[in-house]
Amino acid sequence: MTMPASRVERVGVFCGARPGARPQHLRLATEFGEALAQRGTGLVYGAGGVGIMGAVADAVLDAGAPVTGVIPRQLYEREQPDESRTEVIVVETMHERKALMYRLAVGFAVLPGGLGTLDELLEVATWNQLGIHHKPLVLVNQGGFFDPLLTLLDNMVSDGFISQEERFVIQVASGVEEALDCLVSPAPRPERSTIPPAASRTQAAPTAAT
């Protein structure tokens with residue numbers, strides 16, 4: 001069942017319009033989109049129908065949650081937004097795109113991407129630093145993609161260009177569920193009637209242990 005768009009909070013996702021060189025990036029995008037929808041949360045993103053962007057949006061839509069894409073007119077043809085299932089808002093400039101995404105989203109997740117992804121990440125962090133808004137921001141660092149960036153941020157602290165408090169405006173999560181816990185409410189727990197009896201859980205515990 002598709003959730004009514006007007007009643008659903010949205011998380012902004014910054015990510016690449018290319019698929020990247022490793023299959024794990026697309027798998028992460030699909031996993032994130034599915035988990036986001038399972039939290040009862042919609043997506044606001046850059047409206048691209050290809051690459052990581054497209055994979056996230058497809059997963060959210062397939063799971064029944066609403067998607068809002070915001071795209072500058074000059075990129076409208078290149079990034080192939082899917083207007084059959086997605087609300088697409090066409091703006092005139094990149095600045096308008098970012099400002100509208102920042103306004104619509106309750107928080108922001110950053111998945112693998114390129115220069116545009118870094119631009120959006122750092123602008124949102126700067127807006128938090130300056131007090132223009134106070135919205136959570138998290139890097140989904142599954143597989144260590146953002147490790148070099150984290151090293152740079154730590155160097156900025158040690159060299160006195162940002163404070164520890166400013167550094168941790170950019171939160172870091174190693175997986176999808178951890179990232180979503182930083183942004184939205186936890187997924188609903190099963191009803192009591194669906195939880196196995198205590199004896200069954202005790203018996204199954206050794207198998208589940210790692």
Side-chain angles (χ1 to χ4, degrees), residues 3-17 29 32-33 35-37 39-48 52-53 56-57 60 65-73 75 79 81 86-141 145-146 149-150 152-154 156-157 160-174 176-187:
M3 292 174 274
S6 60
R7 301 179 187 175
V8 178
E9 290 186 334
R10 288 168 173 77
V11 162
V13 175
F14 305 136
C15 56
F32 187 90
L36 183 67
R39 299 281 183 118
T41 306
L43 169 70
V44 59
Y45 81 126
I52 306 297
M53 278 191 189
V56 173
V60 174
V67 171
T68 299
V70 183
I71 190 166
R73 194 171 302 280
L75 295 181
E79 297 191 1
T86 305
E87 176 189 22
V88 176
I89 302 172
V90 180
V91 296
E92 293 302 320
T93 68
M94 290 291 288
H95 295 294
E96 291 178 30
R97 178 199 221 178
K98 291 186 289 185
L100 183 55
M101 289 179 67
Y102 303 165
R103 181 167 64 83
L104 293 175
V106 298
F108 306 92
V110 186
L111 276 62
L115 296 177
T117 301
L118 286 176
D119 173 53
E120 291 161 333
L121 159 67
L122 294 174
E123 186 161 358
V124 167
T126 301
W127 282 29
N128 269 319
Q129 179 190 38
L130 297 176
I132 297 173
H133 67 201
H134 297 92
K135 296 185 177 183
L137 170 64
V138 60
L139 292 176
V140 188
N141 194 35
F145 178 82
F146 289 108
L149 175 61
L150 298 176
L152 174 60
L153 292 171
D154 290 339
M156 289 178 177
V157 174
F161 288 101
I162 60 175
S163 68
Q164 283 282 0
E165 182 180 59
E166 291 164 339
R167 159 68 182 83
F168 289 109
V169 162
I170 301 176
Q171 302 176 77
V172 184
S174 60
V176 166
E177 295 297 339
E178 182 185 355
L180 289 174
D181 285 345
C182 298
L183 300 173
V184 297
S185 301

Quick check: does any side chain N or O of Arg10 sit under 3.5 Å from a backbone N or O of Leu104, one acting as donor and the other as acceptor? no
Can you name the closest pair of heavy atoms from Cys182 and Gln171 and give their distance? SG-OE1, 3.6 Å
How about CG on Leu115, more than 12 heavy atoms from neighbouring residues, nucleotides or ligands closer than 6.0 Å, or not? no
Taking every non-hydrogen atom, the tightest pair across Gly42 and Ala65: CA-CB, 4.4 Å
Return the CZ to CZ distance between Arg73 and Arg97, rounded to the nearest 0.5 Å. 13.5 Å
Does any part of the side chain of Arg39, heavy atoms only, come nearer than 4.5 Å to the side chain of Asp181, both counted from C-beta? yes
One should read off an interatomic distance between Leu153 CG and Phe161 CZ, to the nearest 0.5 angstrom, of 13.5 Å
Which pair of non-hydrogen atoms, one from Ala57 and one from Val67, has the smallest distance, and what is that distance? O-CG2, 4.0 Å
Can you name the salt bridge (Lys or Arg N to Asp or Glu O under 4.0 Å) partners of Glu123, sequence neighbours left out? Lys98
Report yes if the side chains of Val106 and Val11 come closer than 4.5 Å at any heavy-atom pair, otherwise no. yes
Counting C-beta onward and ignoring hydrogens, is there a side-chain heavy-atom pair between Thr117 and Ile52 closer than 4.5 Å? no
When you measure from the side chain of Arg167 to the backbone N and O of Ile170, does any donor-acceptor pair fall under 3.5 Å? yes
Looking at Pro72 and Val90, what are the two nearest heavy atoms and their distance? C-CG1, 4.5 Å
State, to 0.1 Å, how close Met101 and Phe14 come at their nearest heavy-atom pair, and which atoms those are. CE-CE2, 3.6 Å
Is the shortest side-chain heavy-atom distance between Pro66 and Glu87 below 4.5 Å? no
Distance check, rounded to the nearest 0.5 Å: Phe145 atom CZ versus Leu150 atom CG? 11.0 Å
For Asn141 and Val172, indicate whether the former's side chain and the latter's backbone hold a donor-acceptor pair under 3.5 Å. no
Applying the side chain to side chain contact (heavy atoms under 4.5 Å, CB included) test to Val60, which of Thr41, Leu43, Val13 qualifies? Leu43
Can you tell me if Lys135 uses its side chain to pair, donor with acceptor, with the backbone of Phe108 under 3.5 Å? no
Just by modelled atom types, is the Ser174 backbone N or O under 3.5 Å from a matching donor or acceptor in the Glu178 side chain? yes
Within-4.5 Å side-chain heavy-atom neighbours: Asn128 and His133: yes
Taking all non-hydrogen atoms of both residues into account, name the closest pair between Glu177 and Ala35 and its distance. OE2-CB, 3.6 Å
Ile162/Val169 under side chain to side chain contact (heavy atoms under 4.5 Å, CB included): CA gap, chis, key distance, verdict: CA-CA 11 Å; Ile162 60 175; Val169 162; over 6 Å; no
Close side-chain approach of Leu75 and Met94, heavy atoms under 4.5 Å: yes
Is there side-chain contact between Phe32 and Leu180, with at least one heavy-atom pair below 4.5 Å? yes
